[in-house]
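Written out below as structure tokens is the structure these notes cover.
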Amino acid sequence: MIVAKFGGTSVADAAAIGRLIGIVRSRTADRPVVVVSALAGMTDALLALAGPVQDGDGAALDGAIEALVERHVATARDLAGAESALPAIADDAGLLRRELEGSLGRRLRPAELDALAGRGELWSSRLIAAALEGADVAATWVDIRPIMVTDDRHGRATPHMPVLTARARGCLRPLVEGGRIAVTQGFIGATVDGAPTTLGRGGSDFTAALLGAALDAERVEIWTDVNGLMTADPRIVPSARTLRAASYEEAAELATFGAKVLHPATAQPLVKAGIPIVVLNSVRPEDPGTTIEPSAELERLGNSPVRSISWKRGITVVNVRAPRMLGAYGFLRAMFEVFERHEVVVDVLASGEVSVSLTVEDRTRLDAVVRDLGELGEVWVEHGRAVVAVVGIGIRATPGLAARLFRAVQPANVEVISQGASAINMTFVVREEDGPGVVRRLHQEFFGT
Ligand code: ADP
Ligand code: ASP
Ligand code: MG
């Protein structure tokens, strides 16, 4: 069997869902489990309901929920059989309205935001299961929440692999073996007590990988709106090329540093069993896409060891200077303890003679982090930065590559160069507004286009 995941743009409207039906039909012999995202833009639109809730604007809230439901109604209208999903969607929207009306005038808590954000996947999966049935594909809608058991870190919950493996096997295998196609939700899960959670934005890829590992799938297909993993984001570098093959490590590095095409954790559950991930374009299903697997033969593009360039905006650099602590045992540990205590994830690290620079993406707990770091030394923070990552084959060990890279980046100023341990990437920090230009110049330098 295989797991086939369809992202937001691949289920955006009736035409996209029509393509999905064709793709799923072409995979029948592979016995797919289908994982879907919310209709494109739906998760953002749902989360935006927190605005009228906090403002106590019941009328605006009603209107906004109505518009979201209407989008599903309009999509169903053009898909044979899909309208049978609408009563369930309308009922759930009614439930959502009552839940949110109970919170009018206040800020939604993380647990409530998860319950809200997850509606997009619940509704899209109902629509798609009904549309598949309408097209004579034997499909069964499956609620993933009792299967995808997670901890209670709302907004970025961690799944419990042993439990979800047992439950996925118990619930999904009989369907697969019975010749039915399970259609289920990416992104969402629930705690053991049944409280809704989410795996973090873009988390549907991760869901697909978790189910692929649990069910020992032959491969996990990620259907999206580009031809695969590319040498750069094609929105920034239109001439970017598609990698035919990639390693898990490359995929993870690229995703961690901003290549949105895969959630950073996607490869992780699949490494042990060596299950391949194939990234495919739902608009051009005949294209081969990118296969990510352990034995991948990594081609050299543009005769350079560089394989891809990614970047991530919205980065804050935190600098700590502690001359008195220089060499003091425990300084780094004390510093990391601060980040750990506030559960703030650190990406790039560079340490100089007397100072340490770290990058963080999540600013919600930054004030508390800065306050606590203040006890260790002088702290200053720079907002509006971006991390650029150049990923390739052993590039840290390639003579002259760093010099070539920093020449190409000019006139942008490189602020922090990571001394991280990965042999396959070099990362550095630039000002956010310089990011796209830097990516384009690096692409020109290493790929000639
Ligand atoms: P989906 O909704 O299918 O999950 P996403 O929008 O999450 O799709 O991810 C696909 C997008 O990732 C592409 O449209 C592309 O702009 C972006 N992207 C960023 N970096 C890369 C890269 N290196 N290769 C391919 N796509 C990339
Ligand atoms: N719909 C969710 C999001 O927009 C999850 C996903 O698409 O992967 O983040
Ligand atoms: Mg995505």
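Both ligands and their constituent atoms are indexed starting at 1 by order of listing. Computed from a predicted structure; not experimentally measured.
- T198 and D114 share a donor-acceptor pair across their side chains, judged by distance under 3.5 Å alone.
- Contact atoms of ligand 2 toward G203: 5 (C), 8 (O) (distance under 4.0 Å to a heavy atom of the residue).
- Not a single N or O atom of K5, backbone or side chain, sits closer than 3.5 Å to an N or O atom of ligand 2.
- Checking only distances, G202 does come within under 3.5 Å of ligand 2, N or O to N or O.
- The closest approach between a heavy atom of V226 and any atom of ligand 1 is below 4.0 Å.
- Aromatic ring centres of F428 and F406 lie closer together than 6.0 Å.
- Not close to ligand 1: S282, with no non-hydrogen atom less than 4.0 angstrom away.
- Near E121, meaning under 4.0 Å from any of its heavy atoms, are these atoms of ligand 2: 1 (N), 2 (C), 5 (C).
- Contact annotation for R235 and ligand 1: only side-chain heavy atoms (C-beta onward) come within less than 4.0 Å of the ligand.
- The protein atom (non-hydrogen) at minimum distance from atom 7 (O) of ligand 2 is S37 OG, 3.2 Å.
- Distances below 4.0 Å separate heavy atoms of G228 from the following atoms of ligand 1: 24 (N), 25 (C).
- For atom 6 (C) of ligand 2, the nearest protein heavy atom (residue, atom name, distance) is S204 OG, 3.3 Å.
- When only interatomic distances are considered, the shortest N/O to N/O separation between D205 and ligand 2 does not fall below 3.5 Å.
- Residues P285 and R19 fail the side-chain proximity criterion, which asks for heavy atoms closer than 4.5 Å.
- Under the 4.0 angstrom criterion for non-hydrogen atoms, K5 is in contact with ligand 1.
- What sits closest to atom 4 (O) of ligand 2 on the protein, heavy atoms only, is R201 NH2, 2.9 Å.
- Every atom of ligand 1 with a heavy atom of D225 under 4.0 Å away is listed here by number and element: 10 (C), 11 (C), 13 (C), 14 (O).
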